[in-house]
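What follows is one structure encoded as structure tokens, with my remarks underneath.
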Amino acid sequence: MTVEEALALARALGVERGDAQTLLGHLTGQNRAWLVTHGDARVPGADAALRRLAAGEPLAHLTGWQPFHGLLLQVTPATLIPRPDTETLVDWALALLAPLAGRPRVVDLGTGSGAIALAIKAACPHADVVAVDFSADALAVARANGARLGLGVDWRHGSWFDPLAGERFNLVVSNPPYIAGDDPHLPALRHEPLTALTPGGDGLADLRTLIDAAPQHLRPGGWLLMEHGWDQALPVAQALTARGFADASLRRDIAGRARASGGRWPG
Ligand code: GLN
């Protein structure tokens, strides 16, 4: 099928034009300007790929790539697809790192594709960045992203703080699984690892694990920052305060939803 026929099919299937153009660009190895001027060029595989997209397969899985905080990351079904919402967490981390002298230490727990760790390392090269994931398959994707982008991150295999015994950081950041086990949106996310999306129950279990364990791994004055669901800001702030964190604070995402919370460990 040609570029023009593929765009007509995309419209008929209800696929967004921008997504269809990204997919056709991937299949042809060309950019959008080329697609506009080559309406009768053949696109091998366009029909099948557009139907998979219309059936709910993520664009990032069909192309293999997802942009995040100015980086282009490889993603596979082994990792969560990085979301623009999570750039809120990265920007907050960078603002806390900016005034720190020397080599601040940062750890990203549950790094998945490596998105948060790599975005921090790219914008703040003088930070020592460690990243942890319990999935060896995810860690392989993260490691490959780091190597391709030339960003030095110390990748560790294990659950949460397990591979960090005795180590302390200026900043602990995480986008843990936080969707409630019975959330009606989960079925639509079936192409991503369930363990990256939900801990089951009310979705707060891993956030609570992080809040309980982080003080053992924070330097005095260090911060714990976590992404969470739009309706989880209150229980997260309460848990931070109950654990002894100071300055419990909230950040909103680009859509204005409560998206990340954090606190400072007084030490
Ligand atoms: N923000 C993702 C979503 O709502 C969930 C990510 C997560 O659970 N950490 O699709």
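In this text the structure is predicted, and so the values were computed from the model without any measurement. Read the numbers this way: they start at 1 and go in the same order the structure lists the ligands and their atoms. In what follows, residues are counted from 1 in the order of the sequence shown.
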Distance to 0.1 Å, residue and atom name: give those for the protein heavy atom nearest to [atom].
atom: atom 1 (N) of ligand 1; result: Tyr178 OH, 2.9 Å
atom: atom 3 (C) of ligand 1; result: Arg83 NH2, 3.9 Å
atom: atom 8 (O) of ligand 1; result: Leu197 O, 3.2 Å
atom: atom 4 (O) of ligand 1; result: Ile179 CD1, 4.0 Å

Could you tell me whether Asn175 and ligand 1 have an N or O pair separated by under 3.5 Å? yes
With nothing but distance in play, are any N or O atoms of Pro176 less than 3.5 Å from an N or O of ligand 1? yes
One finds that the ligand 1 atoms under 4.0 Å from a non-hydrogen atom of Glu227 are 1 (N)
Just which atoms of ligand 1 are under 4.0 Å from any heavy atom in Leu189? 10 (O)
Apply the side chain to side chain contact (heavy atoms under 4.5 Å, CB included) test between Leu189 and each candidate in Asp183, Ile179, Leu194; give the one that qualifies. Ile179
Any Ala196 heavy atom less than 4.0 Å to ligand 1: yes
Atom CD of residue position Glu167 - does it have more than 12 heavy atoms of other residues, nucleotides or ligands inside 6.0 Å? yes
So for atom CH2, which belongs to Trp34, do other residues, nucleotides or ligands contribute more than 12 heavy atoms lying within a distance under 6.0 Å? yes
Using a 3.5 Å distance criterion without hydrogens, assess whether the side chain of Arg251 forms a donor-acceptor pair with backbone atoms of Ala258. no
Can you give me the closest heavy-atom contact between Ala233 and Leu250, atom names plus distance? CB-CD1, 3.8 Å
Is the distance between the ring centroids of Phe161 and His217 less than 6.0 Å? yes
Lys/Arg-Asp/Glu bridge criterion (N-O < 4.0 Å) met for Arg105, Asp128: no
